[in-house]
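In what follows, a structure is listed as structure tokens, so that the remarks can point back to it.
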2 protein chains.
Amino acid sequence: MQDIARKAGVSSATVSRVINQSGYVSSETRKKVEAAIQQMDYVPNSQAVSLKTGSSKTLGIVASNFSDTMMVLVRSFTLAAQQEGYTVTFYITDEDKQKELDVLEMLRGKRLDGIFLLIRLNDWSAIEPYAKYGPIVTWQRVDSNHIASVYMDQYHAYTLGLEHLYASGCRSIVNLYSNSHGLNTKSRIKAYEDFCTRHLLPVHSADLFMGLNTSRDGERVAQWWLEQSVKPDAFMTSSDSVAAGLVTQAQRLGCHLPEDFSVIGFDNIEISRLLDISTIDYPVAKQAKNAFALIFHQLTNREVFLEPLDFQLISRKTTKN
Amino acid sequence: MQDIARKAGVSSATVSRVINQSGYVSSETRKKVEAAIQQMDYVPNSQAVSLKTGSSKTLGIVASNFSDTMMVLVRSFTLAAQQEGYTVTFYITDEDKQKELDVLEMLRGKRLDGIFLLIRLNDWSAIEPYAKYGPIVTWQRVDSNHIASVYMDQYHAYTLGLEHLYASGCRSIVNLYSNSHGLNTKSRIKAYEDFCTRHLLPVHSADLFMGLNTSRDGERVAQWWLEQSVKPDAFMTSSDSVAAGLVTQAQRLGCHLPEDFSVIGFDNIEISRLLDISTIDYPVAKQAKNAFALIFHQLTNREVFLEPLDFQLISRKTTKN
DNA sequence: TTGTAGGCGTTATCAC
DNA sequence: GTGATAACGCCTACAA
């Protein structure tokens with residue numbers, strides 16, 4: 001910067017003003033400075049800027065693993081952030097609690113301005129203290145005054161799916177849950193229990209079908225179904241990936257859907273459209289967009305627009321009617 | 001840092017030594033300093049460190065858009081980088097040449113230590129000059145002394161697929177190419193032409209099937225096939241995504257594979273396994289790992305191990321035999 | 001083994 | 001309008 005200041009015959013302060021379009025600078029000197037910048041092929045050192053301003057213009061997105069749904073989140077969040085000049089760094093904690101804490105530390109270390117936490121590993125009590133170093137927004141539901149969430153209650157969305165199955169004649173529905181400790185799962189279990197009570201149906205235990213996340217998991221469930229003497233007539237799944245595995249494996253095993261059993265996915269990502277799987281359209285991309293908006297708001301105090309979150313059932317070919 | 005130096009009764013230099021485990025420091029003072037760090041809950045400002053050291057310990061991964069294959073690359077690259085203490089930032093250029101240049105500028109601006117470029121938008125001549133500011137490794141093939149590549153020639157892999165189709169009786173093969181300007185596509189066209197010459201088959205024009213990247217594109221091809229009076233009996237695709245769209249739409253339209261026509265995907269990602277699509281297992285994850293290794297090597301001069309790259313045909317149910 | 005001090009490349013507060 | 005100059009928080013010769 002000194003070099004170009006010298007070349008333009010001004011001081012580095014003026015160069016700074018030109019670059020940041022701040023303060024007064026005559027259009028004449030501005031021209032000179034800009035010319036010098038061009039000639040010397042100068043580019044500001046962003047580390048120095050960050051050190052001075054105290055902001056890295058970088059946001060972190062943290063996930064414990066990788067799934068198609070998360071990719072949608074990453075994509076949408078990144079796009080929104082780029083729009084406002086933020087850069088997004090992606091961290092895979094790989095089920096390692098320490099790694100999650102490491103990322104949180106980066107908030108303190110000024111490496112990150114904010115964090116979008118998809119799936120947490122540590123207790124909220126361990127995460128919450130970091131909120132004072134920068135905005136943390138989570139995808140999962142959380143009870144905290146310091147951590148915002150783009151969470152959307154799954155109770156009603158899930159109920160919608162269950163009622164759709166009931167209306168099409170299903171009376172023995174099995175629920176495939178993902179992580180057992182999440183509040184989303186709790187909501188779903190509650191929705192299922194209420195549903196059973198409402199229709200005087202027997203409630204089956206939830207424990208058997210926990211921790212199902214991938215298409216491989218779904219495939220195993222198809223196998224399981226075949227081996228049962230008393231077979232359920234429908235599956236509510238936690239994600240389209242699981243549903244996709246279930247559906248394709250069932251077809252491989254000679255089953256016909258929805259005659260043999262019905263399946264409802266969750267999230268409405270590409271694969272469910274491809275495979276004609278009925279699913280709940282859950283506004284994942286909008287959640288990510290809102291996550292950025294919330295972080296941006298906390299960072300800048302600027303007004304932001306939050307997309308309304310809604311869901312709907314998309315009836316395709318793995319459910320009757 | 002001054003604060004904790006004061007608290008420990010030493011100078012900031014000593015604190016720095018303790019933190020970086022560099023230079024001499026008696027175990028006694030080290031204890032004191034560490035205690036102070038604990039108590040004051042101190043964490044170094046990474047921007048200041050970066051400014052001083054000239055390295056941000058951050059790598060960029062640049063893609064023009066999002067596809068399943070790229071997600072595999074991102075995942076594998078990120079994991080490898082995290083292993084060595086690097087952080088990975090993800091940039092979507094969204095087909096915008098300027099955005100790509102912006103990322104390249106970050107290399108100059110010291111925001112990025114290195115770049116893994118998946119799909120380039122600008123001419124190599126515009127990209128190459130940036131290599132002097134930091135390592136650039138590309139996924140695509142490139143002829144440059146300054147830009148390394150984890151590219152793997154697709155000629156032989158593609159030929160393998162074509163010969164498999166020929167052996168199973170296909171004589172009228174249509175190639176679905178992705179981007180028309182890439183060297184990969186050129187290799188594939190060459191492979192196809194040589195294949196035709198070898199077997200005395202007529203060569204069809206390549207122009208018709210360029211720019212096919214997504215499952216939607218694949219679906220359109222299925223529709224196209226149905227409308228032809230003289231129908232080809234096989235498709236070689238540029239990715240499993242395209243193949244997946246083609247296969248599912250064909251089934252929707254009442255076609256039977258591989259009786260009506262054969263399909264071979266590319267990359268062997270999850271969806272091809274799910275849909276039983278024959279494909280070429282292409283070592284995408286290894287390429288990403290190597291990309292990091294190459295960058296790491298240029299950055300640190302340390303010895304690195306490069307995974308050998310190989311491919312194979314995975315025969316599933318969209319090809320005969 | 002430890003301390004002093006200069007500088008990394010900016011931004012921002014003053015004077016002028 | 002513009003120019004000194006003091007931080008920002010850290011690392012690292014060089015001295016002691």
Side-chain angles (χ1 to χ4, degrees), chain A residues 1-37 40-58 85 87 105-113 133-134 299-300, chain B residues 1-37 40-58 85 105-113 133-134 300:
Chain A
M1 211 160 122
Q2 292 289 359
D3 293 346
I4 100 121
R6 223 175 345 254
K7 176 146 197 151
V10 296
S11 79
S12 65
T14 305
V15 177
S16 177
R17 289 197 191 91
V18 170
I19 290 170
N20 300 309
Q21 324 213 346
S22 70
Y24 298 99
V25 53
S26 74
S27 61
E28 200 175 341
T29 48
R30 157 166 291 121
K31 287 238 170 63
K32 278 193 295 184
V33 171
E34 276 164 354
I37 289 180
M40 306 201 61
D41 217 29
Y42 163 83
V43 59
N45 180 312
S46 52
Q47 306 300 348
V49 175
S50 291
L51 173 60
K52 192 61 195 169
T53 62
S55 151
S56 62
K57 294 291 263 179
T58 301
T87 253
E105 283 294 332
M106 292 187 186
L107 207 54
R108 285 179 60 198
K110 300 280 188 185
R111 196 189 178 82
L112 257 28
D113 286 357
Y133 302 110
L299 247 23
T300 63
Chain B
M1 210 160 124
Q2 293 289 0
D3 293 346
I4 100 119
R6 228 179 336 260
K7 178 147 197 150
V10 296
S11 78
S12 65
T14 305
V15 177
S16 176
R17 290 194 190 94
V18 170
I19 290 170
N20 299 308
Q21 325 213 344
S22 69
Y24 298 99
V25 53
S26 75
S27 62
E28 199 176 343
T29 49
R30 156 165 290 121
K31 287 240 169 62
K32 278 194 295 185
V33 171
E34 275 164 353
I37 289 180
M40 307 201 60
D41 217 30
Y42 164 82
V43 58
N45 179 313
S46 53
Q47 307 300 347
V49 175
S50 292
L51 174 59
K52 193 60 199 172
T53 61
S55 152
S56 62
K57 293 291 264 180
T58 301
E105 283 294 333
M106 293 186 185
L107 207 53
R108 285 180 59 199
K110 300 279 187 186
R111 194 190 179 83
L112 258 27
D113 285 357
Y133 301 111
T300 62

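Note on naming: letters A, B, ... go to the chains in the order of the sequence lines (proteins, then strands), and numbering restarts at 1 for each one. A quick note: this is a predicted structure, and the numbers were derived from the prediction, not measured.
If you run side-chain contact (heavy atoms from CB on, under 4.5 Å) between S16(B) and each of N20(B), V18(B), I19(B), only N20(B) comes through.
Nucleotides of DNA chain D that come within less than 4.0 Å of any heavy atom of chain A span, from the 5' end to the 3' end, dG1(D) to dG9(D).
Across every non-hydrogen atom of L51(A) and A48(B), the tightest pair is CD1-CB, 3.7 Å. Listed here is the closest heavy atom pair of S56(A) and Q47(B): CB-NE2, 3.0 Å. Here the shortest heavy-atom pairing between G109(B) and S46(A) reads O-OG, 2.8 Å.
E105(B) and R108(B) are joined by a salt bridge, as a carboxylate oxygen and a charged side-chain nitrogen come within less than 4.0 angstrom of each other.
Between the NZ atom in K110(A) and the OG1 atom in T53(A) there is a gap of 9.0 Å [rounded to 0.5 Å]. Residue I4(A) holds its CD1 atom at 9.5 Å from CD of E34(A), rounded to the nearest 0.5 Å.
Within 4.0 Å of S50(B), counting heavy atoms only, lies no atom of the nucleic acid at all.
Separating the CD1 atom of I4(B) from the P atom of dT2(C) is a distance of 14 Å, rounded to the nearest angstrom. Atom-to-atom, CD of E28(B) to C1' of dT2(C) comes out at 13 Å; the value is rounded to the nearest Å.
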Requested in this report: Please test V33(B) against R17(B) for side chain to side chain contact (heavy atoms under 4.5 Å, CB included), starting from the C-alpha separation and ending with a verdict.
Outcome: CA-CA 10 Å; V33(B) 171; R17(B) 290 194 190 94; over 6 Å; no
Collect all protein-nucleotide pairs involving nucleotides 9-13 of chain C in which both atoms are nitrogen or oxygen and the distance is under 3.5 Å.
residue	atom	partner	partner atom	Å
dT10(C)	OP1	Y42(A)	OH	2.7
dT10(C)	OP1	N45(A)	N	2.9
dT10(C)	OP2	Y42(A)	OH	3.4
dT10(C)	O5'	Y42(A)	OH	3.4
dT11(C)	OP1	N20(A)	OD1	3.2
dT11(C)	OP1	N20(A)	ND2	3.1
dT11(C)	OP2	S16(A)	OG	2.8
dT11(C)	OP2	N20(A)	ND2	3.2
dT11(C)	O2	K52(A)	NZ	3.4

